Enquirer: 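One structure is given below, represented as structure tokens, and several questions about it will come after.
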Amino acid sequence: MGSMENDPLATYLEALARDDCYRVERVLKSAPHEVTEVVYFEGANNARLGPFVRKRIRCEAEMGKGYRHLMEAQRAGRRFVHLPRLYDVHERDGELVVVMEYVSGHTLRDEVYEHDPSMALAARWFPQLCDGVTELHELTPAPLIHRDLKPTNVLVSEAQLTIIDFGIARAFREGAEGDTTHFGTRSYAPPEQFGYGQTDERSDVYALGMILYYLLTERDPGPAVVRAGFPDAEIPPLMRGILARACAFDPQARFQSVRELKTAFVEAAERMERPAQAASAKRAGCTTGQNSSPAKPVPPAGSLRSAIWSLLGKIPVPLCRIWNGAIWLLWALMTFACFGITFFPVGIQLAAPFWYRVLEYEGFLWLGVCGIGYMFLDKRRLRKRLPALARPPFSNGFVFGGVLFAISAVVMLVCIGITSSGIVVLPSSS
């Protein structure tokens with residue numbers, strides 16, 4: 001009697017039973033060749049496990065082979081630090097079905113948006129990212145080339161980084177002249193990925209260099225930036241050489257491994273940090289023993305303010321933009337209404353003098369809306385374009401917005417006092 005494992009019908013029925021037990025919570029991504037979902041496994045005894053991420057990839061798309069490669073490595077005993085754990089990989093109804101660990105957190109793109117690009121941010125995440133790609137490249141019997149490394153395919157949490165989306169990853173094949181499929185994101189993919197040869201570990205080195213550029217500038221890179229030698233003012237000179245080598249057109253001119261790229265980055269970051277530490281110590285009077293003013297105390301990490309900002313930082317960027325759009329729309333409508341009534345009064349406002357309408361509609365209503373709007377506006381992107389907003393008194397949005405609202409409240413009281421004293425008499429609305 002043959003083994004059930006080698007029986008195609010038994011394998012199909014087993015996959016059918018498994019898939020019918022998953023309940024879709026929400027769809028994360030939907031494309032003609034692939035659907036990504038958050039699912040829960042519900043057993044016959046009403047047991048509920050999850051959440052998990054399930055990918056359904058059309059087999060004719062010739063994608064998803066990287067998941068099989070990772071699953072084989074896991075079954076052989078490999079455990080990964082920066083890659084999601086896979087639970088199931090099988091085919092059903094012309095689809096490759098992959099069930100994997102649900103990784104909480106936000107993308108590296110969101111991380112840069114929330115904390116601003118900087119050398120400090122790069123020093124925090126780039127070495128971990130290199131470690132994650134190294135895990136892929138050190139798989140046996142052949143390295144796995146991700147081929148779609150970009151900020152949105154990297155998830156970060158408090159202290160952990162995870163690389164996701166291996167849909168177009170492929171195992172390196174010695175002697176192959178080129179890749180069979182040419183996918184990827186133009187801003188981050190190397191030239192050989194679009195028909196100039198076979199991708200290998202150095203292809204991911206190129207993409208890592210482009211991600212490093214994004215961590216330092218928050219701008220998507222392009223061929224023109226590479227040809228110009230990364231001239232952006234935000235890029236330190238030591239990093240400029242590393243970027244130029246990592247993103248060289250010829251793979252032979254690049255770092256030949258991700259470990260080599262990480263070593264160069266860490267050494268350059270340490271060289272940059274030493275002068276900064278010496279300058280900081282000198283300013284504090286530590287190098288000469290001179291008296292210095294005590295440092296301004298830093299709020300403890302567990303303070304209420306820190307907790308609030310940590311919570312706000314987890315709000316997805318698209319939701320913040322929708323929220324900002326609603327606030328700007330409200331402000332525009334109130335501006336139109338207040339200035340319209342001031343200069344073109346109707347109804348009972350025809351009896352009010354011009355100066356009173358200015359007090360009532362600009363000093364009270366419009367200024368109050370401005371204060372409330374500034375209090376609750378997500379000002380991160382605005383401060384990047386207007387650096388003055390990052391300095392006092394604008395830096396604390398609740399304080400500055402509250403001051404504006406308090407002024408509008410005082411104006412309201414003045415308006416009430418004027419009408420109560422009979423200085424301005426408005427006819428009854430009835």
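As the structure is a prediction and not an experimental result, all values here were calculated from the model. Keep in mind that the numbers below use all heavy atoms, side chains included, and drop hydrogens, waters and symmetry copies.
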Enquirer: For Arg58, is there an ion pair with Glu95 - N to carboxylate O distance below 4.0 angstrom?
Expert: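 Answer for the salt bridge query: yes.
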Enquirer: Could you pull out all residues at least two apart from Tyr40 that satisfy side-chain contact (heavy atoms from CB on, under 4.5 Å)?
Expert: Arg23, Glu25, Arg48, Pro51
Enquirer: Could you report the tightest heavy-atom contact between Asp116 and Leu121, atom names first, then the distance?
Expert: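 Looking at all heavy atoms of both residues, the shortest contact is O-CD2, 3.6 Å.
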Enquirer: Would you call Glu138 and Arg78 a salt bridge, using N to O less than 4.0 angstrom?
Expert: no
Enquirer: Would you say that His137 contacts Ile145 through its side chain, given a criterion of any heavy-atom pair below 4.5 Å between the two side chains?
Expert: yes
Enquirer: For Glu260, which of Arg254, Arg245, Arg202 qualifies under salt bridge (Lys or Arg N to Asp or Glu O under 4.0 Å)?
Expert: Arg245
Enquirer: Looking at every heavy atom in both Val258 and Cys130, which two are closest together, and how far apart are they?
Expert: CG1-O, 3.4 Å
Enquirer: The criterion is salt bridge (charged side-chain N to carboxylate O under 4.0 Å, His left out); which residues satisfy it with Arg219, sequence neighbours excluded?
Expert: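 Checked Arg219 against salt bridge (charged side-chain N to carboxylate O under 4.0 Å, His left out); matches are Asp232, Glu234.
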Enquirer: Using a 4.5 Å cut-off on heavy atoms from C-beta on, say whether the side chain of Cys247 contacts that of Met210.
Expert: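 Yes, their side chains come closer than 4.5 Å.
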Enquirer: Between Gln160 and Thr162, is there a side-chain donor-acceptor contact under 3.5 Å, judged purely by atom types and distance?
Expert: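 Checked: Thr162/Gln160 side chains show no N/O donor-acceptor pair below 3.5 Å.
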Enquirer: Could you tell me whether a side-chain N or O of Asp88 sits under 3.5 Å from a main-chain N or O of Met100, the two making a donor and an acceptor?
Expert: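 No: the side chain of Asp88 does not pair with the backbone of Met100.
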Enquirer: So which heavy atom on Asp220 is nearest to which on Ser187, and how close?
Expert: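 Between these two residues, the closest heavy atoms are CB-OG, 4.3 Å.
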Enquirer: Please check if the number of heavy atoms outside Tyr214 that lie under 6.0 Å from its OH is greater than 12.
Expert: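 Enclosed.
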Enquirer: Only counting residues at least two apart or in another chain, list the ones meeting side-chain contact (heavy atoms from CB on, under 4.5 Å) with Val39.
Expert: Tyr22, Val24, Glu37, Phe52, Arg54
Enquirer: On a heavy-atom basis, which atom in His82 and which in Gly132 lie closest, and how many Å separate them?
Expert: CB-CA, 3.5 Å
Enquirer: Would you call the rings of Trp331 and Trp366 parallel, tilted or perpendicular, taking 30° and 60° as the class edges?
Expert: tilted
Enquirer: If you look at every heavy atom in Ala246 and Gly209, which pair is closest and at what distance?
Expert: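 That closest heavy-atom pairing would be CB-CA, 4.1 Å.
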Enquirer: Side-chain contact test, heavy atoms from C-beta onward, threshold under 4.5 Å: evaluate it for Arg79 versus Arg85 and give yes or no.
Expert: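 Yes; the side chains approach each other to less than 4.5 Å.
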